[in-house]
2 protein chains.
Amino acid sequence: MSDIKTRENAVVTVEDEVRQGIELLFYAYRDFTAEPDAMLARYNFGRAHHRVIYFVGRHPQMSVSELLGILRITKQSLARVLGQLIRQGFITQNANRADRRQRLLSLTTQGIELERQLSENQRQRIQRAFEEAGPQAVEGFRRVMTNVISGETDRVRFRRGRR
Amino acid sequence: MSDIKTRENAVVTVEDEVRQGIELLFYAYRDFTAEPDAMLARYNFGRAHHRVIYFVGRHPQMSVSELLGILRITKQSLARVLGQLIRQGFITQNANRADRRQRLLSLTTQGIELERQLSENQRQRIQRAFEEAGPQAVEGFRRVMTNVISGETDRVRFRRGRR
DNA sequence: GTTTTTATGTCAGACATGTTGACATATTTT
DNA sequence: AAAATATGTCAACATGTCTGACATAAAAAC
């Protein structure tokens, strides 16, 4: 009744599909983060440093509160990681001239290089996954993943043709 | 040349597609884990407890080394989490009669109930995401996510019609 | 039947990531 | 002038992970 029949005539229940979806997220995320984590360990950094470097690289001149809004962690949690990255010369801060309370964050040359190294493996992994699956599958992936995201604010980041 | 043209005639480069794929994984995983994490905090448990409860529930009578192989953490890391779950009556151990070195793990009635509560939100989230995206998108999601996974051993878990 | 390997457990110490709570400072808005 | 905002900082704590070392029981290999 609510079963799905595949080409091979196997029967997959909705529960099975959903359970597999949950597990796909676990396994994919586990493998997606494994290699950058190993590289970060050599700098005595963790995954949190990668996330900060990634998003600052993606949105140069972003404010601390914007970054907090994306990461969904407390400012105290961010402070330690961000402080290390600033002290070690991967990120710079400069006051927003329009609102001098804000500290705008950007990657230094060194930060750009680290970001590139860290994310290269992930970029290759995703690009290969996309190529092997084909454009139609990529569109399906995008639709499903966007629906998994909670808020409209974040979903709009992934409307087609957006950058 | 290597650009992709959407129906709206917007141009999306391969780099953009890949970058969005990376970010989709971040945002989706962040929101996928947020609610169970909040529930776990009420038990003084963390995400690691959820993963253990989930996979033991999924594979009753599994051995400790099987579980370690899925989670990809060290036995010392698992020991704390697993020990708490056993002491607090969510998981039981019993020696494998065929190989008495092995401790086979299963959920207790209490463990089954906790698993159900924790995963209910995730099941709903994925089911809704699948329904809104449609069966073709789900198939694309499955194909892409399977390709993101590193090893063939784990990939075969997601062949169609498999359980 | 002794030796080696395997499965598991445990202790200790370290570090990264996250939390709450409290308070400080500079700047902008009201 | 007062209130709100953006950011920073100190302290204490829980959790998750790691490496390294050592222990025990049982199975497998010789």
Side-chain angles (χ1 to χ4, degrees), chain A residues 26 29-30 33-56 61-88 91-105 118, chain B residues 26 29-30 33-34 36-56 61-88 91-105:
Chain A
F26 167 75
Y29 201 77
R30 182 197 66 182
T33 50
E35 292 207 33
D37 282 0
M39 297 180 57
L40 287 154
R42 298 202 289 268
Y43 293 82
N44 286 321
F45 287 162
R47 198 177 293 178
H49 298 81
H50 187 187
R51 291 197 285 247
V52 169
I53 285 187
Y54 178 85
F55 283 109
V56 172
Q61 299 286 105
M62 84 189 304
S63 72
V64 172
S65 51
E66 277 179 278
L67 183 53
L68 285 173
I70 287 175
L71 299 177
R72 301 272 173 89
I73 58 176
T74 59
K75 67 175 175 182
Q76 295 93 326
S77 299
L78 176 60
R80 182 164 29 194
V81 169
L82 186 55
Q84 289 172 319
L85 291 170
I86 291 168
R87 281 195 302 278
Q88 297 185 35
I91 287 182
T92 49
Q93 281 179 315
N94 49 81
N96 181 357
R97 285 205 291 176
D99 179 346
R100 298 190 48 246
R101 291 171 304 181
Q102 288 185 8
R103 310 297 158 80
L104 304 184
L105 305 171
L118 287 174
Chain B
F26 167 75
Y29 202 77
R30 182 197 65 182
T33 49
D37 282 359
M39 297 180 56
L40 287 153
R42 298 202 289 270
Y43 292 82
N44 286 320
F45 287 162
R47 197 177 294 177
H49 297 81
H50 188 186
R51 290 196 286 248
V52 170
I53 285 186
Y54 178 85
F55 283 110
V56 173
Q61 300 286 103
M62 84 190 304
S63 71
V64 171
S65 51
E66 277 181 277
L67 182 53
L68 285 172
I70 288 175
L71 299 177
R72 300 275 172 88
I73 58 176
T74 60
K75 66 177 175 179
Q76 296 92 327
S77 300
L78 177 60
R80 181 159 33 185
V81 170
L82 186 55
Q84 289 172 317
L85 290 170
I86 291 168
R87 280 194 302 279
Q88 296 185 36
I91 286 182
T92 49
Q93 281 180 315
N94 49 81
N96 182 356
R97 285 204 290 175
D99 180 345
R100 299 192 44 249
R101 292 171 304 181
Q102 288 184 9
R103 310 296 157 81
L104 304 185
L105 306 171

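Within every chain, numbering begins at 1; the chains are lettered A, B, ... in the order of the sequence lines, protein sequences first and strands thereafter. Just so you know, these numbers use all the heavy atoms, side chains as well, and skip hydrogens, waters and symmetry mates. Remember, it's a predicted structure, so these values are computed and weren't measured experimentally.
- Along DNA chain D, the nucleotide closest to Asn44(B) and the one closest to Leu104(A) are compared, and the more 5′ of them pairs with Leu104(A).
- Annotation: salt bridge (Lys or Arg N to Asp or Glu O under 4.0 Å) contacts of Arg100(A) (sequence neighbours excluded): none.
- When the side chain to side chain donor-acceptor pair (under 3.5 Å) test is applied to Tyr54(B), the partners found at least two apart in sequence or on another chain are Glu23(A).
- Contacts of Glu66(A) with the nucleic acid, taken as non-hydrogen atoms under 4.0 Å apart, are absent.
- Across all strands shown, Ser77(A) has heavy atoms under 4.0 Å from base atoms, whether or not it also approaches the sugar-phosphate.
- Not counting sequence neighbours, the partners of Asp37(A) by the side chain to side chain donor-acceptor pair (under 3.5 Å) test are Arg47(A).
- Atom CG of Leu67(A) is separated from atom P of dT17(C) by 14 Å (rounded to the nearest Å).
- Across the interface with DNA chain C, nearest-nucleotide mapping of Arg72(A) and Ile86(B) shows Ile86(B) to be the residue nearer the 5′ end.
- For DNA chain C, the neighbouring residues in residues 45-55 of chain A, judged by any heavy atom under 4.0 Å, are Gly46(A), Arg47(A), Ala48(A), His49(A), Arg51(A).
- Spacing between atom CG of Asp37(B) and atom P of dG16(D) amounts to 9 Å, rounded to whole angstrom units.
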For nucleotides 10-13 of chain D, tabulate all protein N/O to nucleotide N/O atom pairs closer than 3.5 Å, reporting atom names and distance.
none

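- Terminal axes of the helix from dG1(C)-dC30(D) to dT30(C)-dA1(D) (five pairs each, C1' rotation axis) are separated by 30°, to the nearest 10°.
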* **Residues Gln61(A), Asn94(A); criterion side chain to side chain contact (heavy atoms under 4.5 Å, CB included); working and verdict** => CA-CA 8 Å; Gln61(A) 299 286 105; Asn94(A) 49 81; 3.8 Å; yes
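- The distance between atom CG of Leu78(A) and atom C1' of dA6(D), rounded to the nearest whole Å, is 13 Å.
- Taking the side chain of Gln102(A) as heavy atoms from C-beta on, and the options dA6(D), dT17(C), dG9(C), the nearest nucleotide is dA6(D).
- Ser65(B) comes within 4.0 angstrom of the backbone, heavy atoms only, and of no base.
- With a 4.5 Å cut-off on side-chain heavy atoms, Asp99(B) and Gln102(B) count as touching.
- Separating the CD1 atom of Ile73(A) from the C1' atom of dA16(C) is a distance of 12 Å, rounded to the nearest angstrom.
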* To do: Sugar-phosphate atoms are those with a prime plus P, OP1 and OP2; base atoms are the rest. Using that split, label each nucleotide of nucleotides 24-30 of chain C B, S or - for protein heavy atoms under 4.0 Å, 5' to 3'.
  => ---BS--
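- Rounded to the nearest 0.5 angstrom, Leu82(B) CG and His49(B) NE2 are separated by 9.5 Å.
- Under the side chain to side chain donor-acceptor pair (under 3.5 Å) criterion, Gln88(A) pairs with no residue, sequence neighbours left out.
- Taking the side chain to side chain contact (heavy atoms under 4.5 Å, CB included) definition, one finds that Gln93(A) meets it with Ile86(A), Arg103(A), Leu105(A), sequence neighbours left out.
- Residue contacts shown for Gln84(A) are absent, as no nucleic acid heavy atom lies under 4.0 Å away.
- At whole-Å resolution of the value, CG in Leu85(A) and P in dA16(C) are 12 Å apart.
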What donor-acceptor contacts under 3.5 angstrom involve side-chain atoms of residues 62-73 of chain A, with partners at least two apart or in another chain?
residue, atom, partner, partner atom, Å
Ser63(A), OG, Ser65(A), OG, 3.3
Ser63(A), OG, Glu66(A), N, 3.2
Ser63(A), OG, Glu66(A), OE1, 3.4
Glu66(A), OE1, Ser63(A), N, 3.0
Arg72(A), NE, Gly69(A), O, 3.4
Arg72(A), NH2, Asp154(A), OD2, 3.2

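- What you find for Pro36(A) and Leu118(A) is that their closest heavy atoms are CG-O, 3.8 Å.
- Distance, Leu68(A) CG to dT9(D) P: 14 Å, rounded to whole Å.
- Legend: salt bridge (charged side-chain N to carboxylate O under 4.0 Å, His left out) pairs involving residues 74-87 of chain B, not counting sequence neighbours: none detected.
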* **Full working for side chain to side chain contact (heavy atoms under 4.5 Å, CB included) between Leu78(B) and Thr74(B)** => CA-CA 6 Å; Leu78(B) 177 60; Thr74(B) 60; over 6 Å; no
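- Residues Phe45(A) and His50(A) are not in side-chain contact: their nearest non-hydrogen atoms beyond the backbone lie 4.5 Å or more apart.
- Take Thr92(B) and apply the side chain to side chain donor-acceptor pair (under 3.5 Å) test, not counting sequence neighbours, and it matches no residue.
- The interatomic distance linking Leu71(B) (CG) with dC18(D) (C1') rounds to 15 Å, in whole Å.
- What separates CG of Leu40(A) from P of dC18(D) is a distance of 15 Å, to the nearest Å.
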